[in-house]
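Below is one structure, written out as structure tokens, with a few remarks after it.
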Protein chains: 2
Amino acid sequence: MPGQRSITQAEKLAEAKLGGIPVRHEQMAVVANIYRAASAVRQHLENSVLRGADLTWTAFVVLWVVWIWGESETRHVAEEAGISKGTLTGVSRTLEKRGLLRRAGHPTDGRLVLLSLTEEGEELMRRVFPAFNEEEAFVAAQLDVDECRSVADGLRRVVLQVEEHGEERRLALLDGAAPAPRRSGRRPQS
Amino acid sequence: MPGQRSITQAEKLAEAKLGGIPVRHEQMAVVANIYRAASAVRQHLENSVLRGADLTWTAFVVLWVVWIWGESETRHVAEEAGISKGTLTGVSRTLEKRGLLRRAGHPTDGRLVLLSLTEEGEELMRRVFPAFNEEEAFVAAQLDVDECRSVADGLRRVVLQVEEHGEERRLALLDGAAPAPRRSGRRPQS
DNA sequence: TCCGTACAATTTGGAGCCGAACGACATCTG
DNA sequence: CAGATGTCGTTCGGCTCCAAATTGTACGGA
């Protein structure tokens with residue numbers, strides 16, 4: 001139902017709405033499906049393995065990053081996990097309360113906080129990650145290994161494009177104009 | 001930096017952590033990159049075109065769905081936009097307050113609410129969508145049209161796999177056990 | 001030693017988001 | 001035509017998230 005057909009139809013309707021102004025169909029389909037897939041995958045993983053371990057997606061990602069990279073400074077963890085520093089403060093404190101994560105001050109630089117897993121956290125990851133990876137395999141079950149590689153590679157190029165040229169592009173678009181404040185969140189100045 | 005290399009490295013570290021238990025690398029890479037790409041794309045679009053129009057991602061998606069499909073019942077809009085009914089209630093009311101969306105009762109079935117764009121909403125979409133689509137093209141600029149098609153197709157298969165077999169899979173995994181309540185949200189019963 | 005600057009994490013404000021419970025309405029059944 | 005059952009959208013509780021403002025620490029030069 002909302003697969004190939006409805007997306008194609010949506011594109012045609014969009015074109016009609018624009019009175020002949022051309023739409024970049026393929027690029028539109030990539031973005032739309034990236035987002036659909038991300039939601040579907042996240043929801044499946046949260047409702048299968050993560051809920052049983054009482055972890056949110058973000059909490060799992062944070063644990064995973066620290067597990068893989070070992071003791072790390074919070075800003076690196078936030079960057080790698082794809083969340084803001086502010087969010088990480090809350091998440092890491094929750095995980096600390098649950099005894100999965102340790103937060104320690106840096107020995108010489110008092111501004112830094114180092115995150116590492118507790119033994120309990122390590123155990124959890126040894127138990128949960130294999131199940132998580134099983135479900136990753138499940139969601140990708142309609143793709144063979146080569147297709148996985150090529151999809152992953154295409155997505156990597158999207159990420160790189162944004163990381164390398166996104167900032168510059170945004171500046172060019174605004175062209176010196178005010179960056180436009182965010183609707184939500186704390187108000188600037190006032 | 002966090003491109004091909006660091007992901008591959010992460011996978012090796014993960015395997016080491018598991019003491020030889022095999023990891024499904026390619027499937028893991030697909031999931032990881034779907035999520036990274038979704039975040040990157042959303043952030044870029046929010047910070048470029050959407051912020052200027054004072055729209056969040058979700059608000060834009062809702063407007064887009066109603067624009068494309070015309071007057072629609074809320075549950076269909078929620079489904080198509082990939083958000084819960086409860087979220088849609090809030091978002092649609094915000095958009096109504098801003099004069100972009102109309103909420104009307106169904107003429108014969110009093111339970112339903114129909115959403116449609118106001119003239120102002122239509123104008124906004126005619127103005128914003130082309131810019132949005134331009135940025136979709138920008139984020140996909142490293143992919144040629146064929147690659148776009150094949151990535152989109154691969155992602156579509158992921159979405160279908162979850163939509164068609166996800167529920168069944170989750171039930172099989174829990175195997176009759178309690179579905180494990182969500183940590184957040186309103187508590188059952190009590 | 002005392003600034004000023006730089007950069008760290010944290011706090012804070014506002015919106016998003018899910019899913020259980022709820023109330024309103026529709027429809028089926030006897 | 002009443003009650004049971006089902007299906008809407010809405011409400012509500014708790015958590016997630018971002019980014020501005022804030023707080024705290026480091027370190028360079030006067």
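Just so we're on the same page: letters track the sequence lines, and every chain starts at 1.
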Could you tell me whether [X] contacts a base, only the sugar-phosphate backbone, or nothing, with contacts defined as non-hydrogen atoms closer than 4.0 Å?
X	answer
Ser39(B)	nothing
Gly82(A)	sugar-phosphate
Gln43(A)	sugar-phosphate
Leu88(A)	nothing
Thr58(B)	sugar-phosphate

Check: Out of dA19(D), dT10(D), dA26(C), which has the shortest distance to the side chain of Val113(B)?
Finding: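 Of all the options, the side chain of Val113(B) is nearest to dT10(D).
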
Notebook entry, point to check: Considering only side-chain heavy atoms of Asn47(A), which listed nucleotide, dG9(D), dC25(C), dG19(C), is closest?
Noted result: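 Of the candidates, dG19(C) comes closest.
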
Whole angstroms only, please: what is the [atom1]-[atom2] distance between [X] and [N]?
X	N	atom1	atom2	result
Leu50(B)	dA15(C)	CG	P	17 Å
Glu79(A)	dA9(C)	CD	P	12 Å
Asp109(A)	dG24(D)	CG	P	16 Å
Ile83(A)	dG16(C)	CD1	C1'	16 Å
Leu114(A)	dA9(C)	CG	P	9 Å
Leu55(A)	dG14(D)	CG	P	20 Å
Arg103(B)	dG9(D)	CZ	P	10 Å
Leu115(B)	dC8(D)	CG	P	15 Å

Check: Taking the nucleotide of DNA chain D with the closest heavy atom to each, which residue, Arg93(B) or Arg111(A), is nearer the 5' end?
Finding: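 On the 5' side of the pair lies Arg93(B).
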
Notebook entry, point to check: Starting at the 5' end of DNA chain D and moving along, which residue's nearest nucleotide shows up first, Gly86(B) or Leu112(B)?
Noted result: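 Counting from the 5' end, the first nearest nucleotide belongs to Leu112(B).
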
Is there a side-chain polar atom (N or O) of [X] under 4.0 Å from OP1 or OP2 of [N]?
X	N	result
Arg51(A)	dC18(C)	no
Thr56(B)	dG16(C)	yes
Thr74(A)	dA9(C)	yes
Thr87(A)	dC18(D)	yes

Next item on the list: Please round to the nearest 0.5 Å and tell me the distance separating atom CD of Glu134(A) and atom CZ of Arg24(B).
Entry: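 Spacing of CD (Glu134(A)) from CZ (Arg24(B)) equals 5.5 Å.
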
Notebook entry, point to check: For Arg170(B) and Glu167(B), what are the C-alpha separation, side-chain angles and deciding distance, and is it a salt bridge (Lys or Arg N to Asp or Glu O under 4.0 Å)?
Noted result: CA-CA 5 Å; Arg170(B) 286 190 288 273; Glu167(B) 183 70 25; 3.3 Å; yes

Notebook entry, point to check: Got Arg98(A) and Glu120(A) here, is their nearest side-chain heavy-atom distance under 4.5 Å?
Noted result: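 No; the side chains remain at least 4.5 Å from each other.
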
Margin query: In the structure I gave you, are the side-chain heavy atoms of Ser48(B) and Arg169(A) within less than 4.5 Å of one another anywhere?
Written below: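 Ser48(B) vs Arg169(A): side chains apart.
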
Next item on the list: Decide, yes or no, whether a salt bridge links Glu147(A) with Arg156(B) under the criterion of side-chain N to carboxylate O below 4.0 Å.
Entry: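 Answer for the salt bridge query: no.
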
Check: Using 30° and 60° as the class limits, which term best fits the ring planes of Phe60(B) and Phe132(B): parallel, tilted or perpendicular?
Finding: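 Correct class here is parallel.
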
